[in-house]
Asker: 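Got a structure for you, questions after.
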There are 2 protein chains.
Amino acid sequence: MRRLPTVSDVAEVAGVSRQTVSNVLNTPAIVRPETRERVQEAIASLGYRPHASARRLRTRRSSTIGVRLDPGTDGMSGSLLDRFLHALVERADRSGLRVLLYTAADEDAEIAVFERLLDGADVDALVLTSTHYGDRRIPWLVEHDVRFVTFGRPWGEHDTTDRSHRWVDVDGRAGLHAGTTSLLEQGARRIAFLGWPVGSGTGDDRRNGWRQAMREAGITDLAGLDLQVEEDPQDLGRGGRAVAGLEPAPDAVVCASDSLALGARLALGPDVPVIGYDDTPLARALGFASIAQPLDEVAAAVLDLIGSDEGVHHRLLTPRLVQR
Amino acid sequence: MRRLPTVSDVAEVAGVSRQTVSNVLNTPAIVRPETRERVQEAIASLGYRPHASARRLRTRRSSTIGVRLDPGTDGMSGSLLDRFLHALVERADRSGLRVLLYTAADEDAEIAVFERLLDGADVDALVLTSTHYGDRRIPWLVEHDVRFVTFGRPWGEHDTTDRSHRWVDVDGRAGLHAGTTSLLEQGARRIAFLGWPVGSGTGDDRRNGWRQAMREAGITDLAGLDLQVEEDPQDLGRGGRAVAGLEPAPDAVVCASDSLALGARLALGPDVPVIGYDDTPLARALGFASIAQPLDEVAAAVLDLIGSDEGVHHRLLTPRLVQR
DNA sequence: TTGTAGGCGTTATCAT
DNA sequence: ATGATAACGCCTACAA
């Protein structure tokens, strides 16, 4: 591999000092325009690029953010992380940030990874996904004064850690409210909700959106319509069976995820409207409506929060109902 | 964020010179055991970790590999990249390698990214996915003497670039051969192949596996059984319609992808055996068989090839038929 | 076996 | 506005 030109090379060609070259790069304003131009020509002619590691060593910042690639995620919605990552990498690049991946089997392992990554100065900020109730990573990061942003709210925490925990999330409640309302407007009355057992922040939030919309429509008797199944990638029949077992049959079903929606769709056929969540390729392919998270906005907000030193510490974005 | 301890700090605590500390880290063999131990204690007590950027600057290697997160991929099989990445990151970590992500809209943009990444010494090797016929990235990388491995064969190239292009791939032909054979053993005779139009290396390779198995079974009349559809995430009815239109109906269908298989499955119902490709969560969920790529092995092979200086320059792995 | 000296490429500080 | 000097943390000679 060819030897790379350095600031000194550029300086020599341009007939200035290394420092001036550095200034042109980092503080162009303080360099006389005519000098600046000469330096820039030299840079172009040599094909010079700053050496990332040298700069990082000097500035003591890696300009790199770490993101975990979780193993879990049923894979169907796994494409969600995929799409989020893509948006994140793209936007990060525009701000001169790199994205480094890591994995960890569980929380303790992940904290050990944090130590390695941070002590080695490999990353100077972290983006966490799939936060959950009682997440031990958060207090660890706060305590160690690490810069981080989570994609996901700190479910159940409203205490002092609040200001030190920056997060971005999507308002699932609003999403399900919109979906349910849209079905109501189309004349459906008996609308079932197919979700996970009570206890997950995300799931409960989405359920509440459905409840609220139903209540607003004057439908207070939700008996039997609140379906809760444990998701099982091996057997999406569960959700389907729960839905098919409803007596009388529902007019429509709103779901906490696209994979649940797939089950419902297969059990009920294409004539009963079904709304999923996440707008995965699956929803597109099968032609059912779904609630799409604005991942590009999420990525932008995450980077914004990572970069800003003060001001707003969290952001709740609104998803969009994709009709089909 | 706390100030990190350096070699000097460790040296001071251990009562030796910086150099000895460095030796303990990099060439433990030449340090007297008793000194070594003292140094290691100091390292542990201070929680010292080498500063990644400083080391990179000095050694001129980043110990980081770049991987592109492509935008394309229909998302269904997108989870394939996900799973591959996961395996790669996990194994890379064991070898002390980091994985950096990048994106690019097209080949030219990607080559521009290469320049940035390499000149900035951000990465010292690249892993490319979704190679295709006439891939311009390959000659560029070879010419610039960049270390890289592709997950995917150089379709159509058997010339001099051969030795300089290291690749790992999965034998789709063998996969479809196995799948088709298994159906034949179950008594099916009229087995259709649902794939993409001729012209993609991957697709043609898979088709050939089916052809070969059929020929070996003495079935030479494949008229009408070789179905070719352009995949369209909006409308997986295409594949389904092609399959449903067969007259007489097929005994079974083997497909070039799980999303094609999904279409076939929905069109034919659960009684006609369908085999997909990639063993995505979709196949698991719907309960159709699929051909699984050994992604963990692929990741291992990729890292192996990246690391080795001589020896084998490519590896063709065999996929596994997952019956359901 | 251990220590000394120098430099990787960059930028911050302080002169000029 | 520009330049000289030093230092970021590490490693590779080479010397002791």
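Model, not experiment: these values are computed from the prediction. Residue numbers begin at 1 in each chain, while the letters A, B, ... track the order of the sequences.
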Asker: If the cut-off is 4.0 Å, is A:R55 near the phosphate of C:dT11, judged by side-chain N/O to OP1 or OP2?
Answerer: yes
Asker: Kindly state which residues belonging to residues 11-28 of chain B come within less than 4.0 angstrom of DNA chain C, counting heavy atoms of the residue only, listed by number.
Answerer: B:V16, B:S17, B:R18, B:Q19, B:T20
Asker: Using the salt bridge (charged side-chain N to carboxylate O under 4.0 Å, His left out) criterion, which residues pair with A:E90? Sequence neighbours excluded.
Answerer: none
Asker: Is the number of heavy atoms from other residues, nucleotides or ligands within 6.0 Å of CD (B:E37) greater than 12?
Answerer: no
Asker: Quick one: is B:R60 getting a side-chain N or O under 4.0 Å of the C:dG9 phosphate, OP1 or OP2?
Answerer: yes
Asker: I'd like to know whether A:T103 forms a side chain to side chain donor-acceptor pair (under 3.5 Å) with B:H86, so could you lay out the CA-CA distance, the side-chain angles of the two residues, the decisive distance to 0.1 Å, and finally the verdict.
Answerer: CA-CA 7 Å; A:T103 59; B:H86 192 269; 4.9 Å; no
Asker: Is the base of D:dC11 touched by the side chain of B:R58 through a donor-acceptor pair closer than 3.5 angstrom?
Answerer: yes
Asker: Looking only at side-chain N and O atoms, does A:D124 offer a donor or acceptor that is under 3.5 Å from a partner on A:S62?
Answerer: yes
Asker: Distance-only check: which donor-acceptor pairs under 3.5 Å involve side-chain atoms of residues 39-46 of chain A, not counting sequence neighbours?
Answerer:
unit_1	atom_1	unit_2	atom_2	d
A:S45	OG	A:A42	O	3.1

Asker: Pick the closest DNA chain C nucleotide for B:L57 and for B:I30 by heavy atoms, then say which residue is nearer the 5' end.
Answerer: B:I30
Asker: Tell me, do A:F114 and A:V146 make a side-chain contact under 4.5 Å, heavy atoms counted?
Answerer: no
Asker: Expected output is a numbered-order residue list: members of residues 32-52 of chain A with a heavy atom under 4.0 Å from any atom of DNA chain D. What is it?
Answerer: A:R32, A:T35
Asker: So if I apply the side chain to side chain donor-acceptor pair (under 3.5 Å) rule between B:D169 and each of B:H314, B:R315, B:Q293, B:R153, which one comes out positive?
Answerer: B:R153
Asker: For residues 13-20 of chain B, dump all side-chain donor-acceptor pairs below 3.5 Å to protein atoms at least two apart in sequence or in another chain.
Answerer:
unit_1	atom_1	unit_2	atom_2	d
B:S17	OG	B:Q19	N	3.3
B:S17	OG	B:T20	N	3.4
B:S17	OG	B:T20	OG1	3.4
B:Q19	NE2	B:N23	OD1	3.1

Asker: Answer yes or no: is there a donor N or O on one side and an acceptor on the other, between the side chain of A:R147 and the main chain of A:I306, under 3.5 Å?
Answerer: yes
Asker: Distance from A:D171 atom CG to A:L317 atom CG, nearest 0.5 Å?
Answerer: 9.0 Å
Asker: Do we see a donor-acceptor contact under 3.5 Å between the side chains of B:N26 and B:S22?
Answerer: yes
Asker: When the C1' atoms of the five terminal pairs at each end define the local axes, what inter-axis angle does the helix from C:dT1-D:dA16 to C:dT16-D:dA1 show, to 10 degrees?
Answerer: 40°
Asker: Using a 4.0 Å heavy-atom cut-off, does A:V31 contact any base of the nucleic acid, only the sugar-phosphate backbone, or nothing at all?
Answerer: sugar-phosphate
